[in-house]
Amino acid sequence: MTKEDILRLRDTAEQTRVQFKERVTRDNKYDVSCEMVAQSNSRGGMIVVGIDDKTGRINPLSFVEVQETTNLLGSLASEGVVPQILLDIENVQMEGGVIVVVTVKQGRNKPYRDSKGIVWVKQGADKRKVFDNAELIAMLMENGQMHPDSMPVNGTSIKDLDENTLRDYLLNRFRSDFERQQLSITELRHRNLGEIADILSQTPEGILKNNGLIMEDGTLTVAALMLMGKYPQRWLPAFTVRCVSFVGNSIGSTEFRDKSGNDADGNAVHLYNYIISFLTRNLRKRQVEKDFNSQGELEVSTASLSEIVTNGILHRSYVIEAPLRVFIFDNRIEIHSPGLLPEGVSMESIKHGASVPRNKLLFNHGINLLPYTGAGSGITRALKFTPDIKFVNDETLNEFVVTVERRSVGETDAKNDRDNDRDKRDKEDKDNLLVTKHIEKQETPKRDRDGVEETKDGSHITRTPYRLLTSVQKDIIQFCSIPRTAKEIMDHIGYYNNSKNMTAYVKPLLGMGYLEMTEPDKPKSKNQKYRKVRKG
């Protein structure tokens with residue numbers, strides 16, 4: 001560091017990572033040690049000795065003062081900070097003496113405390129005490145001493161897991177074992193958990209215990225609940241998703257194209273499906289083939305969106321009680337994931353495939369339910385399909401933000417977009433006639449790629465292929481990844497809950513085998529719910 005560097009630091013005044021002290025003495029040594037604690041618990045910083053923090057006046061140290069100051073600083077680093085830290089001390093020659101520059105690195109053994117046991121962190125140019133357990137846990141996480149996704153959730157048991165999701169997890173987790181026994185995964189999806197467990201010669205609870213997803217006393221971990229829970233938000237209410245499509249390019253806009261009244265809930269699989277459904281119905285499609293009736297290509301690569309959404313769900317901080325937020329503006333998409341990048345990961349390293357999972361259980365087991373490879377190459381693949389993705393590690397908001405620029409596919413009238421979208425949606429529902437053949441014995445059908453479904457008794461029905469369903473129908477199917485009541489479905493798509501709308505929107509999906517009743521023998525039961533039929 002040079003004389004000019006010191007002058008530049010002085011001219012920019014005190015900031016988060018730079019503190020001025022005219023002198024370090026016996027009288028203010030405790031305050032200096034607290035500053036070291038705060039910088040170690042934050043992102044590191046510098047303490048510049050020889051500059052008045054009130055006036056910015058430079059008052060260099062003499063030779064004797066330099067010796068006394070460096071000795072005192074070394075003593076504070078070993079005795080005034082717990083656990084002790086190492087300092088880099090540099091002496092810069094100025095007119096009339098020396099300026100001492102102390103560099104404090106970001107600590108690897110957080111949380112650090114002062115000699116009185118108090119934890120400090122930086123807050124702007126100042127510092128503050130930490131009393132919130134969530135902040136302390138976040139520090140332990142950065143140090144690798146704690147993983148929130150492995151923490152138990154009191155009052156839970158395997159009964160709180162969604163049976164369909166648990167079945168999918170087991171079938172994917174042990175796919176190779178089933179294939180070695182020449183068992184069809186498609187056929188196994190229609191068996192109950194007990195039958196699958198018999199094939200594996202283990203109980204589902206035993207399997208989850210062996211993999212760290214359930215504690216020895218049967219309590220679920222955060223990872224198990226978020227991956228496979230029926231309704232995780234009963235215990236973890238903040239871990240939801242908020243999706244908003246704005247008119248314009250400002251988050252302060254009061255006009256919306258698509259805004260749900262409530263945050264989306266459910267397990268990780270449902271949250272993923274919900275976000276993807278929201279993105280695909282709100283982003284534009286452009287024609288890439290000459291055929292007017294071709295489906296078109298989404299303006300942003302679906303592969304990129306899938307990778308970014310999966311990363312947001314798996315790598316978000318489960319200490320910070322805030323929703324994952326997805327915003328669509330006229331010119332960009334933003335995905336706000338609570339929590340900064342983990343310790344040891346930089347903005348550049350993630351672009352080249354660096355992988356330091358914050359939530360190891362979620363990351364290791366989510367691969368059996370969510371679309372990713374688990375090799376840490378998600379961001380790299382996203383950039384391959386969409387090179388103009390931007391990443392921001394926002395320390396002020398304590399979140400990681402991914403921004404994807406939208407392709408220009410033509411101008412729209414912002415004021416009329418919502419009305420036009422609603423009219424288009426209603427027209428699609430009227431124009432797309434759903435062809436079904438009623439069968440006397442209704443059973444859950446198995447679907448093949450040609451749109452023909454075969455029931456267990458050999459009967460056939462014809463269904464509309466998924467790609468030809470309306471956006472509302474697709475939205476309903478994804479929403480019902482977790483069983484939903486008729487009212488919940490109607491509230492979700494914005495219609496009154498009455499028999500007319502049920503006949504128009506839900507019954508056709510039942511007839512085609514996209515949805516099924518939770519109580520098929522009691523179709524008018526007050527406890528009736530509707531859920532998505534899992535594909536083979």
- request: Begin from the C-alpha positions of L236 and M226 and carry the test side chain to side chain contact (heavy atoms under 4.5 Å, CB included) through to its verdict.
  value: CA-CA 9 Å; L236 308 170; M226 287 307 303; 3.9 Å; yes

Cation-pi check, [X] to [Y]: give yes when NZ or CZ is under 6.0 Å from the six-membered ring centre and within 45° of the ring axis, no otherwise.
| X | Y | answer |
| --- | --- | --- |
| R316 | Y318 | yes |
| K360 | F363 | no |
| K116 | Y30 | yes |

Quick one, [X] and [Y] - any side-chain contact, counting heavy atoms below 4.5 Å?
| X | Y | result |
| --- | --- | --- |
| V404 | R332 | no |
| N59 | D52 | no |
| V244 | F246 | yes |
| V121 | Y112 | no |
| L227 | H365 | yes |
| L340 | E399 | no |
| K29 | S33 | no |
| V309 | L279 | yes |

message: Would you say that more than 12 heavy atoms from the other residues, nucleotides or ligands in this model lie under 6.0 Å from the CE of M151, or not?
response: no

field: Neighbour count above 12 (heavy atom, 6.0 Å) for E321 CD
entry: no

If you take all heavy atoms of [X] and [Y], which pair is closest and at what distance?
| X | Y | result |
| --- | --- | --- |
| A264 | L271 | O-CD2, 3.6 Å |
| E307 | A382 | CB-CB, 4.1 Å |
| T221 | I214 | CG2-N, 4.3 Å |
| P152 | T219 | CB-CG2, 3.9 Å |
| V402 | F400 | CG2-CE2, 3.7 Å |
| H270 | G266 | ND1-CA, 4.1 Å |

How many angstroms lie between [atom1] in [X] and [atom2] in [Y], if you round to the nearest 0.5 Å?
| X | Y | atom1 | atom2 | answer |
| --- | --- | --- | --- | --- |
| L362 | L370 | CG | CG | 9.0 Å |
| D114 | C34 | CG | SG | 4.5 Å |
| Q202 | F174 | CD | CZ | 5.5 Å |
| I335 | T403 | CD1 | OG1 | 9.0 Å |
| K122 | R43 | NZ | CZ | 14.5 Å |
| S157 | L220 | OG | CG | 6.5 Å |

Whether the side chain of [X] engages the backbone of [Y] through a donor-acceptor N/O pair (distance < 3.5 Å, no angle test) should be reported.
| X | Y | result |
| --- | --- | --- |
| K474 | T280 | no |
| N28 | V24 | no |
| N398 | G339 | no |
| T386 | D388 | no |
| S78 | G74 | yes |
| D5 | T2 | yes |
| T70 | Q67 | yes |
| S42 | Q39 | no |
| N249 | N331 | yes |
| S306 | T302 | no |

task: Show your reasoning for whether side chain to side chain contact (heavy atoms under 4.5 Å, CB included) applies to N273 and K532.
output: CA-CA 11 Å; N273 290 332; K532 176 182 177 181; 4.2 Å; yes

message: If we check side chain to side chain contact (heavy atoms under 4.5 Å, CB included) with M228, which of these qualifies: N368, L161, D162?
response: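 Of the listed residues N368, L161, D162, the side chain to side chain contact (heavy atoms under 4.5 Å, CB included) partner of M228 is L161.
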
message: Test side chain to side chain contact (heavy atoms under 4.5 Å, CB included) on D168 and V269; report intermediate values, then the result.
response: CA-CA 11 Å; D168 287 346; V269 177; over 6 Å; no

Salt bridge check, [Y] against [X]: does any charged N sit closer than 4.0 Å to a carboxylate O?
| X | Y | result |
| --- | --- | --- |
| D160 | K230 | no |
| R406 | E299 | yes |
| D330 | R257 | yes |
| E334 | R325 | no |
| E22 | K54 | no |
| K127 | D31 | yes |
| R8 | E4 | no |

query: For N359 and H315, does a side-chain donor sit closer than 3.5 Å to a side-chain acceptor?
result: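 No.
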
Got a list of side-chain donor-acceptor pairs under 3.5 Å for residues 79-105, not counting sequence neighbours?
unit_1	atom_1	unit_2	atom_2	d
E90	OE2	M1	N	2.5
Q93	NE2	G97	O	3.0
E95	OE2	K3	NZ	3.1

query: Between Y274 and F479, is the gap from one ring center to the other below 6.0 Å?
result: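 Between Y274 and F479, the centre distance exceeds or equals 6.0 Å.
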
field: side-chain contact (heavy atoms from CB on, under 4.5 Å) involving Y231 - partner list, sequence neighbours excluded
entry: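 Scan of Y231 (side-chain contact (heavy atoms from CB on, under 4.5 Å), adjacent residues dropped) gives Q233, R234, D265.
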
field: Derivation and outcome, side chain to side chain contact (heavy atoms under 4.5 Å, CB included), residues L208 and L166
entry: CA-CA 10 Å; L208 297 180; L166 177 54; 4.1 Å; yes

